[in-house]
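Have a look at the structure below before the remarks.
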Amino acid sequence: MVVLTKPTIEHFPIINCKAPSFFNDIPVIDLSKPDSKNLIVKACEEFGFFKVINHDVPIEFISKLESEAIKFFSSPLSEKLKTGPADPFGYGNKKIGRNGDIGWVEYILLSTNSEFNYLKFASILGVNPENIRAAVNDYVSAVKKMSCEILEMLTEGLKIHPKNVFSKLLMDEKSDSVFRLNHYPPCPEIEEFNGKNMIGFGEHTDPQIISVLRSNNTSGLQILLKNGHWISVPPDQSSFFFNVGDSLQVMTNGRFKSVKHRVLANSVKSRLSMIYFGGPPLTEKIAPLPSLIEGKDSLYKEFTWFEYKKSAYKSRLADNRLVLFEKNLQ
């Protein structure tokens with residue numbers, strides 16, 4: 001069992017939350033079905049979130065990466081710290097971002113483009129740097145391909161051209177995409193809080209274009225519905241979950257909604273998640289697509305991904321980052 005060092009348990013965010021009841025109406029997109037593109041558009045409009053089944057990501061890529069991640073996170077904390085601090089890439093625990101957010105989580109954050117020094121992993125017993133590098137590269141390559149297919153299905157469903165208007169941003173060799181492995185150790189002390197829950201990762205939206213999540217069979221993920229209710233997502237270790245990001249919300253002029261989500265800590269089981277964040281190049285200008293604002297007002301000012309990313313780094317997790325870039329249409 002991996003245990004994070006902690007000041008005292010009370011320093012972590014605690015919320016009142018009933019025992020999770022799973023939400024079984026989350027859109028499920030079967031990529032083998034011909035009507036998938038229209039269902040994806042509907043899911044992005046209504047939830048900003050959907051599950052994908054019958055995908056082409058090889059199960060061995062998933063299993064291999066999970067195995068390497070478990071080896072790493074099972075190592076002594078003193079060894080893991082040698083691959084940090086996350087600035088922004090590398091190992092971190094408890095601290096999320098630069099502005100005081102903490103959670104019951106440890107993680108590795110990696111760039112999908114620039115070279116991360118995988119040799120940092122060589123100091124950890126039982127962890128082979130080349131095995132981790134190969135596992136990450138295989139997994140990210142397959143998930144990126146699937147993400148681009150999903151984004152092109154979205155453009156077909158929206159009836160906009162060219163078909164690669166979104167996917168080309170991920171395929172660009174300067175794409176600022178990142179990959180994150182999150183580990184949420186069991187936290188038996190949760191039971192001391194009499195029905196309250198401890199936050200593993202606080203509520204937030206993802207700033208990129210699209211996020212692709214895969215986790216083991218442990219619950220904890222919740223999304224926020226339009227009615228203000230948090231609902232728990234049933235775990236599914238063989239499927240992928242997609243989030244609309246802030247940038248895609250802007251590019252669709254608010255038609256798609258960037259979904260707020262969070263993770264609750266588990267008292268008994270360890271949770272491992274892998275997230276690919278598909279982002280544009282730093283110099284890319286983000287603005288509503290002209291074909292989606294015909295006869296309508298543009299809700300957002302134009303900005304570069306670098307400007308938005310810089311602004312996001314200065315914010316707290318739960319902040320509405322887009323409000324600074326909204327147009328005042330009154």
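Numbering starts at 1 and runs along the sequence shown.
For the pair Leu213/Phe240, no side-chain contact is recorded, criterion being any heavy-atom separation below 4.5 Å from C-beta on. Proximity of Ser215 to Leu221: side-chain heavy atoms (C-beta onward) are nowhere separated by under 4.5 Å. Ser141 places none of its side-chain heavy atoms less than 4.5 Å from the side chain of Asn137. Between Leu181 and Phe179, some side-chain heavy-atom pair lies under the 4.5 Å cut-off. Residues Val212 and Met146 form a side-chain contact, since some pair of their non-hydrogen atoms from C-beta on lies under 4.5 Å apart. You'll find the side chain of Leu77 reaches within 4.5 Å of the side chain of Asn93, heavy atoms only. Counting heavy atoms from C-beta outward, Thr205 and Arg321 have side chains that approach closer than 4.5 Å. Under the 4.5 Å side-chain criterion, counting only non-hydrogen atoms from C-beta, Ile29 is not in contact with Ile53.
Between Phe325 and Phe303, the distance from one ring center to the other falls under 6.0 angstrom. The aromatic ring centres of Tyr184 and Phe201 sit 6.0 Å or more apart. The six-membered or imidazole ring of Phe72 lies near that of Phe121, with a centre-to-centre distance under 6.0 Å. Between Phe241 and Phe49, the ring center distance clears the sub-6.0 Å criterion.
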* Asked: After noting the C-alpha distance and the side-chain angles of Val259 and Phe47, does the key distance pass the side-chain contact (heavy atoms from CB on, under 4.5 Å) rule?
  -> CA-CA 7 Å; Val259 64; Phe47 292 93; over 6 Å; no
* Please step through side-chain contact (heavy atoms from CB on, under 4.5 Å) for the pair Gln208 and Val178, ending with a clear verdict. => CA-CA 10 Å; Gln208 290 88 354; Val178 296; 4.0 Å; yes
* Which is it for Ile124 and Lys82 under the side-chain contact (heavy atoms from CB on, under 4.5 Å) test, yes or no, and what are the steps along the way? -> CA-CA 9 Å; Ile124 301 173; Lys82 294 175 183 178; 5.9 Å; no
* Evaluate the criterion side-chain contact (heavy atoms from CB on, under 4.5 Å) for residue pair Val136 and Leu65; output intermediate values, then yes/no. => CA-CA 6 Å; Val136 169; Leu65 181 54; 3.8 Å; yes
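In this structure, the side chain of Ser74 engages the main chain of Ile70 through a donor-acceptor pair within 3.5 Å. Not a single donor-acceptor pair under 3.5 Å links the side chain of Arg180 to the backbone N or O of Tyr107. Proximity of a side-chain donor or acceptor of Asn266 to a complementary backbone N or O of Val268 within less than 3.5 Å is detected. Side-chain atoms of His161 do not come within 3.5 Å of backbone N or O of Lys163 as any donor-acceptor pair. With hydrogens and angles ignored, the 3.5 Å screen pairs no side-chain donor or acceptor of Asp172 with any backbone N or O of Leu169. In terms of modelled atom types and a separation under 3.5 Å, the side chain of Thr83 and the main chain of Lys80 share a donor-acceptor contact.
Leu322 is not connected to Leu224 by any chain of hydrophobic side-chain contacts under 4.5 Å among Ile, Leu, Val, Met, Phe, Trp and Tyr, and they are in different clusters. Under the 4.5 Å side-chain contact rule for hydrophobic residues, Val105 and Trp230 do not share a cluster. Linking Ile, Leu, Val, Met, Phe, Trp and Tyr residues whenever their side-chain heavy atoms come within less than 4.5 Å leaves Leu324 and Tyr313 in two separate clusters. Under a hydrophobic clustering in which Ile, Leu, Val, Met, Phe, Trp and Tyr are joined whenever their side-chain heavy atoms come within less than 4.5 Å, directly or via other members, Ile132 and Phe61 fall into different clusters. In this structure, Val28 is not a member of the same hydrophobic cluster as Val233, with clusters built from ILVMFWY side-chain heavy atoms closer than 4.5 Å.
Annotation for Gly200 and Ile96: closest pair O-CD1, 4.2 Å, computed over non-hydrogen atoms. Of all heavy-atom pairs between Val244 and Cys44, the closest is CG2-SG, 3.7 Å. Across all their heavy atoms, Ser239 and Asp236 have their closest contact at OG-OD2, 2.9 Å. The two atoms that bring Asn24 and Pro234 nearest to each other are OD1-CG, 3.8 Å, heavy atoms only. The minimum heavy-atom distance between Ser175 and Ser177, with the atom names listed, is OG-OG, 2.8 Å. Closest approach of Cys148 and Met171 over heavy atoms only: SG-SD, 3.5 Å.
Ring planes of Phe12 and Trp104: perpendicular class, angle over 60° (limits at 30 and 60°).
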Name each donor-acceptor pair under 3.5 Å that joins a side chain in residues 269-296 to protein atoms two or more places apart or in another chain, with its distance.
| from | atom 1 | to | atom 2 | distance (Å) |
| --- | --- | --- | --- | --- |
| Lys269 | NZ | Asn217 | O | 3.4 |
| Ser270 | OG | His183 | NE2 | 2.7 |
| Arg271 | NE | Thr218 | O | 3.2 |

Please tabulate, for the side chains in residues 247-255, all donor-acceptor contacts under 3.5 angstrom to protein atoms that are two or more places apart in sequence or on a different chain.
| from | atom 1 | to | atom 2 | distance (Å) |
| --- | --- | --- | --- | --- |
| Ser247 | OG | Pro207 | O | 2.8 |
| Gln249 | OE1 | Ser258 | N | 2.8 |
| Gln249 | NE2 | Tyr300 | OH | 2.9 |
| Thr252 | OG1 | Leu248 | O | 2.9 |
| Thr252 | OG1 | Gln249 | O | 3.2 |
| Thr252 | OG1 | Phe256 | N | 3.1 |
| Asn253 | OD1 | Leu299 | N | 2.8 |
| Asn253 | ND2 | Asp297 | O | 3.0 |
| Arg255 | NE | Glu45 | OE2 | 2.5 |
| Arg255 | NH2 | Glu45 | OE2 | 3.0 |

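Between Asp101 and Lys95 there is no salt bridge, since no side-chain nitrogen of the basic residue lies less than 4.0 Å from a carboxylate oxygen of the acidic one. Taking a cutoff of 4.0 Å between a charged side-chain nitrogen and a carboxylate oxygen, Lys94 and Glu106 do not qualify as a salt bridge. Using a 4.0 Å cut-off between charged nitrogen and carboxylate oxygen, Glu156 and Lys159 do not count as a salt-bridge pair. A salt bridge is absent between Lys64 and Glu68: the closest approach of a Lys/Arg side-chain nitrogen to an acidic carboxylate oxygen does not fall below 4.0 angstrom.
In this structure, the separation between NZ on Lys168 and CZ on Phe166 is 10.5 Å, given to the nearest 0.5 Å. We find the CG-CD1 distance between Leu317 and Ile102 to be 11.0 Å, quoted to the nearest 0.5 Å. The structure places CG of Asn227 at 5.0 Å from NE2 of His229, a figure rounded to the nearest 0.5 Å. Atom CG of Leu109 is separated from atom OH of Tyr91 by 13.5 Å, given to the nearest 0.5 angstrom. Atom CZ of residue Arg262 and atom CG of residue Asn197 lie 8.0 Å apart, to the nearest 0.5 angstrom. How far CD of Glu66 is from CD1 of Ile59: 9.0 Å, rounded to the nearest 0.5 Å.
Residue Lys33 qualifies as open at atom NZ: its count of foreign heavy atoms under 6.0 Å is 12 or below.
Counting only N and O atoms by type, the side chains of Asn131 and Arg133 include no donor and acceptor under 3.5 Å apart. The closest side-chain donor-acceptor pair between Glu130 and Tyr118, if any, does not fall under 3.5 angstrom. The closest side-chain donor-acceptor pair between Ser211 and Asn243, if any, does not fall under 3.5 angstrom.
Partners of Asp30 under the side-chain hydrogen bond (donor to acceptor under 3.5 Å, both in side chains) rule, at least two apart in sequence or in another chain, are Ser32, Asn54.
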